[in-house]
Each structure stands twice: as structure tokens, then as C-alpha cells.
Amino acid sequence: MGTDSPTLLDQLFDAPAQRTVPVLVPMPAPKPYSYLVPAHMHVEPGSIVQVPLGPRQVMGVVWDGEDRPDVDPKKLKSITHVFDCPPLKPDMRGFLDWVAGYTLSPPGLVARMALRAPAALDPEPMVEGLRLTETRPDRLTPARARVIEAAGNGLFWTRSGLAHAANVSSSVIDGLTAQGVFETAFMPPPPVVAPPDPDYRPVSLDPGQARAARVVCAAAQKGSFEVALIDGVTGSGKTEVYFEAIAETLRRGRQVLILLPEIALTAAFLQRFEARFGAKPAEWHSELAPRTREKVWRQVTEGGVRVVAGARSALFLPFTDLGLIIVDEEHDPAYKQEDRVFYNARDMAVVRARLGDFPLVLVSATPSLESRVNGETGRYSPVHLPTRFAEAALPDLGLIDMRRHPPARGGFLSPVLVNAIGKTVERGEQALLFLNRRGYAPLTLCRVCGHRFQCPQCSSWLVEHRFRGQIQCHHCGYAERTPEVCPECGTFDHLAACGPGVERIAEEIDGHFPGARTIVLSSDLMGVKRLRLELEAIAKGEADIVVGTQLVAKGHNFPLMTLVGVVDADLGLSNGDPRAAERTFQLLSQVTGRAGRTGRKSQGLIQTYQPTHPVMQAIVSGDREAFYQRETVERERALLPPFGRLAAVIVSADTRGEAEAHARGLRQAAPAAADIRILGPAEAPLAMIRGRHRFRLLVHGKRSSDMQAFMRAMIAAGPKPRGTLAVQVDIDPQSFL
DNA sequence: AGCACGCCGACT
DNA sequence: GTCGGCGTGCTC
């Protein structure tokens with residue numbers, strides 16, 4: 001590092017002539033900063049460098065374009081180090097720029113997402129390898145024989161790897177090395193994953209799958225930008241179809257990225273991949289151990305890793321030759337990041353594929369509305385997969401009209417559902433009860449004075465968590481011990497829990513079936529590790545009744561699960577979100593799909609007070625087409641709010657695509673408004689004050705810091721803004737390209 | 001985003 | 001008398 005630093009002589013004599021380059025630093029500055037390049041240092045656009053920034057050293061990326069330092073030349077500092085690492089390629093730099101522009105985020109913060117592996121920037125150290133020589137030890141013990149046997153393939157072994165393979169301690173190997181039985185050499189570090197073999201174990205596809213596979217393989221063969229949308233119900237074999245596209249891309253020697261929502265829970269997926277390709281894909285998600293993370297990052301940039309399966313952040317890995325992206329469960333809201341840089345990884349993946357000119361495959365049993373519309377308009381190529389299995393293997397879905405079959409007093413489960421659970425358990429099979437609400441009860445009130453427990457920080461109701469003895473705010477994380485006394489009227493022991501959470505449903509189940517093994521699965525009760533173990537235990541039959549939140553809906557298979565009960569199907573329908581029906585439909589499809597994957601007779605029972613609601617009808621009739629068409633019309637209508645006469649509109653939203661959707665709707669609602677612009681929270685206040693028009697400002701901020709920044713900027717701007725301030729729910733884009 | 005600087009409450 | 005809370009401001 002020291003050799004890169006400018007010497008005193010450099011500074012005295014060369015400084016005036018020194019070249020400067022723009023460098024993106026991991027900071028919310030609107031543009032790159034300028035840095036001096038020391039005389040003998042080589043940098044090019046994309047070089048990953050270390051630079052001084054205020055009191056610390058940070059990493060940055062040399063960026064494109066002419067550098068025009070607009071700062072006192074004496075303040076310019078020099079690049080301290082160039083990392084020995086492949087520079088970011090032009091298409092990656094273009095992608096990062098595009099994302100920054102589109103999401104209204106500082107480019108430095110976007111670039112930072114691509115460099116999320118600090119210690120990986122210099123090459124991994126070489127490791128010492130051992131290879132068998134002709135020499136043999138003077139005394140051949142059984143342990144020594146095993147080692148020689150194991151190492152007999154003429155390849156280099158690591159010391160610990162060989163010890164493990166021969167089932168001996170490493171001191172045996174040290175002994176042999178000392179006698180000259182092994183020669184040592186430095187070799188490149190071992191790959192984090194073995195290379196996948198596209199022809200390892202192809203599965204036979206049924207005619208429907210084969211047809212779909214031909215479409216995606218043709219795209220993979222062509223290798224140019226194209227978006228396929230694979231749409232098929234649970235169990236139709238979508239994964240096998242896109243595996244074929246992956247195989248094709250691997251044969252062409254290019255890298256593949258598989259995006260999955262919440263990969264930490266998808267051990268089953270990795271196994272399926274390994275069974276098909278003979279090796280696991282490299283994983284990329286937030287739970288990764290730092291060492292592994294660095295290795296994966298490094299080997300992805302160098303091209304050693306061929307396939308990455310990852311969460312949304314994997315989209316920002318600097319692949320050396322990415323040739324295909326798969327976005328599985330394309331509709332899943334987990335693809336949206338609403339932190340720092342706001343983006344939807346599914347949409348950004350399409351952009352990355354277009355900029356890199358390679359194909360992309362979107363996959364879902366319940367595609368998002370916007371992807372369906374893009375399929376219909378020909379922007380994407382729809383690939384429909386017919387149902388593979390006989391009807392009998394799909395769960396028999398039915399609604400329970402809660403007005404006709406009300407629960408017992410104080411309970412939340414109708415006798416119809418309780419009955420079905422009883423029969424299931426008697427048969428030695430499993431039942432799953434789904435309720436998308438953590439904790440014991442969503443609201444606590446005082447029976448004497450009517451006081452409701454509210455969050456002191458954000459005004460939502462505090463949720464009782466009885467297992468923990470706490471009441472918690474699910475929005476801001478505020479928590480306190482469950483009180484026994486009403487803070488308002490001082491009455492002791494008269495607090496009432498209102499409404500159900502999973503803990504309360506489990507309590508009700510225990511009352512009905514005291515002998516059954518009931519388990520609660522909720523994200524707040526256990527870490528990812530524990531959860532994985534619990535899911536495995538359940539799959540092995542170590543529980544009779546599972547009560548779970550949303551996480552049970554995500555792709556885990558329970559072979560003995562023959563009954564799925566939805567406790568409150570109406571829950572998500574009344575929260576004012578224009579996507580409520582779509583989301584509920586997707587969630588109910590997914591959770592009822594947890595039953596009936598084994599060929600056994602299985603059923604899904606859905607408790608609802610609105611049995612005629614289009615979502616409920618779509619679920620039981622299986623007529624998804626009609627539902628989607630209706631929802632598309634509804635969504636169009638939601639995008640046309642009654643804004644009356646508007647001269648100008650400024651929109652700010654958490655996801656750029658959502659702001660676009662607003663803007664489109666508003667342009668239609670008010671064609672006279674020529675000046676509809678989309679601005680970030682920092683620019684919007686200024687425009688509000690300087691603008692000469694009447695306007696309406698839409699701000700969506702789940703982040704309080706964002707709103708605070710906005711308000712601060714508004715106050716700093718001085719005069720009182722003209723216009724109205726409205727808070728609007730977020731809406732997904734119909735399209736964005 | 002991080003980090004320093006700076007100004008007011010409870011404590012070894 | 002200090003330690004420490006987080007508000008404000010700056011970084012090529």
C-alpha cells in the first residue's frame with residue numbers, strides 16, 4: 001500500500017501536473033468526488049480503490065466521464081491504493097448509474113451495494129497444497145496407509161482436506177510430509193462451490209414442461225435480451241423448466257443468477273439444484289458468514305462461481321459474464337427494498353438483463369399484476385405451464401362462511417374447521433393453520449375505562465406477545481412488559497385482549513386438542529437457524545398441528561400436511577392498499593398449496609366473512625383468469641384518483657416504479673397538467689416553493705428519516721409552500737421500461 | 001452513510 | 001467535577 005502513496009517529492013514537484021479522476025464514494029453525495037492519481041498508479045474507469053474521506057479510509061470506484069473538480073485544488077486528496085481486483089465492467093457501471101438515476105438515490109450508495117465484501121477486494125491468499133511423491137515412509141501404519149490411499153489420485157490436497165478424507169489427524173500428514181512423502185506447493189484457493197454440470201442428471205419433462213423448456217432454452221441459446229414469464233400453479237414443475245435454461249446458459253459458458261425471496265429458508269431449493277447439476281449454487285444473502293461472503297464475492301467477480309442463488313442484493317454482485325437471471329416467485333413483495341436505496345429487485349433485474357443484453361426468466365404461480373400486463377402487451381413472453389398432476393392430488397379447497405358457522409364464544413375457529421382438524425389428527429396426518437398475525441392479540445383495552453394501549457412513538461396499537469410477556473409495536477419496535485394495571489384508570493386485572501394472533505389460536509387449539517403436539521411458527525419466536533430445524537422436524541412428522549404466520553407459506557414442503565386452514569382470509573383485504581386483493585390472492589394460493597403435494601387426499605378450508613368476494617371465488621373456483629382481468633381493471637381505476645383541476649403535480653414515492661404509476665394515472669386524470677415530474681424527497685420541497693403552479697404533492701415514506709429529511713428541507717427552503725400535502729399508499733408499476 | 005464536534009443531565 | 005445522550009455539519 002505504501003508504494004502507492006505519493007512521496008514528499010511527488011507532492012512537491014508533481015502535484016500541479018497530477019491527473020484527477022472521479023471516484024464514487026459510499027456516501028450520499030449527488031456526484032463522484034475528485035481524487036488525485038499518484039504518478040505511478042494505474043487506474044481506469046471501474047477500478048476499485050481506497051481513498052481518504054474525511055478522517056477515514058473508504059473504498060470507492062473510479063467512475064466514468066471527464067473529471068471537473070469544483071473544489072479548492074488544495075483540498076484534493078490522493079487515491080491511496082488500487083485493489084488487485086477486476087474493475088467493474090462498463091455494463092455494470094451503466095447499471096449502477098441507471099439504478100441511481102431511476103431510484104433517485106445517490107450513486108455512491110448504489111455502488112456501495114456492489115462492494116459489500118470489504119476484505120474480498122484483494123485476492124484470496126494462496127493456500128499450501130500437498131501432493132504425493134514417489135517416496136514412502138519407513139514405517140507404514142494403518143493411518144499412514146489410509147492417507148496414501150486417499151491421496152493416490154495425483155492431485156494437490158489441502159492439509160485439513162486430506163486429513164478429513166483419510167479420517168486421520170493432521171499430525172499424521174505432518175509426519176509424512178517431514179519424511180518427504182508429500183511435496184508442497186502453493187495453489188489457488190479452493191472454490192466455494194464445485195462447478196455445476198449442466199448434464200449431470202437431467203430430469204425427464206412431461207409434454208407441457210418440455211414445451212415451456214423449449215421456449216426458455218431458445219432464449220438462453222440466443223443469449224440476447226428477452227423476458228419470459230413462466231406461469232404455472234404450485235406443483236406444475238416450473239423449477240425443472242428453468243433449470244433447463246440454466247443448463248443451456250452454463251453450456252454456453254456464461255454465469256447465472258437465480259433470485260429468490262428470503263433465501264435463508266430455501267435449503268430445499270439448494271438440494272434440488274444439486275440433484276440436477278451435481279453441485280450447489282453459491283449462496284448470497286444477509287445471513288452469510290463474512291468469510292464465505294468474501295470468497296463468494298471474489299469468485300463471482302473472477303468468474304469461478306458459475307451460479308449464484310441469492311436474495312435481492314445478489315443482483316448487485318459484479319459478475320464477470322452474467323448470461324441469465326431467473327427471478328423465482330416474481331410477485332413476492334420481499335423483492336422490494338425500502339431502505340436507503342429503494343428498489344424492486346425484480347424490475348431492476350429486467351433492467352440489468354437489458355443493459356447486459358441477456359435473457360431473463362420471471363417465474364410465479366401467481367404472477368404480479370404488472371408482470372401479467374407486460375405479458376399480455378407482448379413486452380414479456382408468457383409461458384404457461386399446465387397442471388401436471390391429477391386433480392385428486394391438488395387440495396380440495398372450500399370456504400367456511402363465518403356468518404353461518406360462527407366460532408364458539410371467545411374463540412376464532414369455526415366448528416367446521418375444528419372438526420376437520422380433529423379428523424386429520426386422528427388419521428395421523430398434519431394440519432396447518434395460517435394466520436398472518438404475530439403475537440397473542442393485536443389490541444389490548446381496559447374493560448373499565450376503555451383505554452387502548454397505543455405505541456407512544458408511532459400511534460399504532462401495541463400487540464400483546466404472551467410468550468414473551470410483552471406488548472410490542474410492530475411498526476417501530478417499541479416494547480414494554482405487559483401491564484397488569486390500566487394506566488388510565490388504575491384498575492387492576494381488567495385488561496382485555498382483542499382479536500387473535502397465532503399464539504392465541506394455538507391456545508384455542510390446545511383447548512380443543514390437549515393431546516395433540518401443537519407448534520407455533522412465527523418469525524419473532526426464533527432465528528433463521530432454529531426455524532430451519534423446526535421446519536425439518538415438522539416435515540418429519542414431529543408435530544400434529546402447526547399454527548403459523550406468513551413464513552409457513554414460503555416454499556417448504558410438508559409431506560404429511562393434508563389440511564390447511566386459513567383462520568382469517570379477510571385480514572389483508574381492508575387495509576386500504578390497492579394491492580390488497582392481489583396480495584391476498586397470492587398469499588392464499590401459496591398457503592393452500594402447502595397441502596396436497598404428496599398425492600394424498602388433502603383439503604384447504606378458508607374462513608371468511610366475505611364468501612362472495614372475488615378473491616375467495618377465485619381461490620375456490622381456480623378461475624385465475626377472471627380474477628386477474630378484474631383486478632387489472634380495478635388497478636387502472638385506482639391509478640386515476642379524482643384530483644380535479646391540476647396545473648402541476650410533483651410525485652415522490654418510495655419506489656420509482658410506483659411513482660411512475662402515479663404519474664401516469666395523474667397525467668390521464670389531468671391531461672392539462674403539463675408539468676408532472678418525479679422528484680426525490682430532497683428536491684421536492686424546493687420545487688414546491690419555486691414552482692409557479694398549483695400542485696399536489698404525494699409523499700410516501702415508511703421511513704421516518706426520509707420524511708424528516710423532507711420536512712427539514714422544506715423548512716430550510718423558507719417561505720410556506722403553496723399547495724397541499726397528501727400521503728398516498730404505494731402502487732406497483734404496470735410497466736417501467 | 002459515518003464520524004467529529006458540541007452542548008446539557010446523572011453518576012463512577 | 002466527568003461520562004454520555006444525540007442534534008448539526010462535513011467529507012474531494
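Chain letters run A, B, ... following the sequence lines, proteins first and then strands; every chain starts at 1.
In this entry the distance linking CG of A/Asp70 with P of C/dC12 reads 13 Å, nearest Å. If you measure from atom NZ of A/Lys75 to atom C1' of C/dC12, you get 7 Å, rounded to the nearest angstrom. Rounding to whole angstrom units, CD of residue A/Gln57 and C1' of C/dT11 are separated by 13 Å. C/dC12 atom P lies 9 Å from atom CG of A/Leu76, rounded to whole Å. Atoms CE (A/Met27) and C1' (C/dG9) sit 12 Å apart, rounded to a whole Å.
OP1 or OP2 of C/dC12 sits under 4.0 Å from a side-chain N or O of A/Lys77. Considering only side-chain N and O atoms, A/Arg112 lies under 4.0 angstrom from the phosphate OP1 or OP2 of B/dG2.
In this structure a side-chain-to-backbone donor-acceptor pair under 3.5 Å is present from A/Arg352 to A/Leu315.
Among the nucleotides B/dA1, C/dC12, B/dA4, the one closest to any side-chain atom of A/Pro55 is B/dA4. Relative to the side chain of A/Ser34, the nucleotides B/dC3, C/dC12, B/dA1 differ in distance, and C/dC12 lies closest.
Residue A/Pro52 is in sugar-phosphate contact alone, with no base atom involved, counting any heavy-atom pair closer than 4.0 Å across all strands shown. Counting any heavy atom pair closer than 4.0 Å across all strands shown, A/Pro69 reaches no nucleic acid atom.
Residues A/Leu443 and A/Arg452 are in side-chain contact: their nearest non-hydrogen atoms beyond the backbone lie under 4.5 Å apart.
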